[in-house]
2 protein chains.
Amino acid sequence: MARSTRRRPDPTHPATEEIDLLDVLHALADPTRMTIVRVLRAEPERACGTFPVDVAPSTLSHHFKVLRESGVITQREEANRRFSALRTADLEHRFPGLLDTVLAAHARTGPGATPDAS
Amino acid sequence: MARSTRRRPDPTHPATEEIDLLDVLHALADPTRMTIVRVLRAEPERACGTFPVDVAPSTLSHHFKVLRESGVITQREEANRRFSALRTADLEHRFPGLLDTVLAAHARTGPGATPDAS
DNA sequence: ACGCAGTTTCGATGGATGTCGAACATCGCA
DNA sequence: TGCGATGTTCGACATCCATCGAAACTGCGT
């Protein structure tokens with residue numbers, strides 16, 4: 001049965017031109033999701049369950065949905081696992097420099113942030 | 001009575017180093033507030049009631065409060081009116097390039113946005 | 001075939017948020 | 001001194017949102 005190999009439908013993503021800035025900002029304005037994006041920034045792809053966040057699996061799934069529907073990440077299904085990746089190129093094309101700037105700002109002030117690195 | 005010249009206390013603002021990125025992103029992730037910021041971007045200062053937004057005065061006041069408490073704007077009292085201004089320098093110092101990038105992104109895709117200006 | 005591991009969906013819940021109208025405060029001006 | 005203009009605060013309300021637990025689904029290994 002080649003036609004129904006995949007029962008669960010592929011997750012839907014917005015087209016690049018459909019990505020809304022306010023949706024993206026809202027998606028990034030959450031600690032858990034910001035952590036996810038930061039991790040994804042360093043690695044090209046990663047399975048859902050392997051993120052260093054301390055929330056229930058269902059909550060995590062919710063956050064991935066928000067990130068996906070806002071156009072920040074892509075999700076690819078492989079067997080049982082779902083791999084997530086940043087839509088770096090798409091975001092760069094639509095909002096040049098945005099992701100870099102936001103992540104740099106968070107790196108400066110968020111986690112261990114060098115107290116006076118200016 | 002020099003000590004109680006000003007009855008209504010000056011609005012409180014967070015110190016520059018206290019400005020939180022996620023708070024800023026959240027503040028910007030609202031159409032009304034984004035409009036306010038965009039207008040403020042063009043003019044150095046402006047009275048509250050003169051913004052081209054279509055909400056009740058009390059709602060507007062609420063949005064100004066959110067913007068102020070997140071560190072995006074300053075509010076100065078002059079007589080009856082309250083003037084708002086972007087904390088451009090503070091934001092630039094704390095999150096270099098952030099405001100420019102976000103506003104540029106919104107200009108590209110938000111209002112009249114040249115359909116295919118790439 | 002069975003069960004386990006990884007994820008999503010559903011339902012519920014408490015808290016934040018955007019919105020409004022009414023009431024209050026402040027200042028300038030007639 | 002009283003009125004109008006400008007904003008804020010308060011209370012209410014509907015909605016959204018982050019979170020959880022339980023249930024269901026999918027595919028792999030035993």
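These numbers were taken from a predicted model, which means no experiment stands behind them.
With distances taken from any side-chain atom of A/D30 to the nucleotides C/dG6, D/dG7, D/dA18, the minimum falls on D/dA18. The nucleotide whose nearest atom lies closest to any side-chain atom of B/C48 is, among C/dT26, D/dG7, C/dC10, D/dG7. Set against D/dG7, D/dT19, D/dT6, the side chain of B/N80 has D/dT6 as its closest nucleotide. For A/P57, whose side chain is taken as the heavy atoms from C-beta onward, the closest listed nucleotide among C/dG18, C/dT7, D/dG27 is C/dT7. Among the nucleotides D/dA18, C/dA5, D/dC10, the one closest to any side-chain atom of A/H63 is D/dA18. Taking the side chain of A/T59 as heavy atoms from C-beta on, and the options D/dG27, D/dT19, D/dT9, the nearest nucleotide is D/dT19. The side chain of A/S58 approaches C/dC10 more closely than any other nucleotide in the set C/dC10, C/dC20, C/dG28.
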Evaluate the criterion side chain to side chain contact (heavy atoms under 4.5 Å, CB included) for residue pair A/V24 and A/R94; output intermediate values, then yes/no.
CA-CA 11 Å; A/V24 171; A/R94 186 142 175 80; over 6 Å; no
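As rounded to whole Å, 8 Å separates atom P of C/dT8 from atom CZ of A/F64. Following rounding to the nearest Å, B/Q75 (CD) and D/dT8 (P) show an atom-to-atom distance of 6 Å. For the pair A/K65 NZ and C/dT7 C1', the computed distance is 13 Å after rounding to whole Å. The interatomic distance linking A/I73 (CD1) with C/dT7 (P) rounds to 12 Å, in whole Å. Note: NE2 (A/H62) to C1' (D/dA22) measures 18 Å, nearest angstrom. Here C/dT7 presents its C1' atom at 11 Å from CZ of A/R68, a figure rounded to the nearest Å. Remark: P of C/dT7 and CZ of A/F51 are 10 Å apart, rounded to the nearest angstrom. Per the geometry, CZ belonging to B/R76 stands 12 Å off P belonging to D/dG7, to the nearest Å.
Scanning both residues, A/A29 and B/L22, for their nearest heavy atoms gives CB-O, 3.8 Å.
Judged by distance alone, with hydrogens and angles left aside, the side-chain atoms of A/R68 form no donor-acceptor pair with the main-chain N or O of A/P11 at under 3.5 Å. Side-chain atoms of B/E92 come within 3.5 Å of backbone N or O of B/G97 as a donor-acceptor pair. Side chain of B/H106 to main chain of B/T35: no donor-acceptor pair is present (N/O by atom type, distance under 3.5 Å, no hydrogens or angles).
Each of A/H26 and A/D54 was assigned the nucleotide of DNA chain D with the nearest heavy atom; the assignment lying further toward the 5' end belongs to A/H26.
OP1 or OP2 of D/dT8 has at least one side-chain nitrogen or oxygen of B/R82 nearer than 4.0 Å. In this model, the phosphate group of D/dG27 is not approached by any side-chain N or O of A/R81 to a distance below 4.0 Å at OP1 or OP2.
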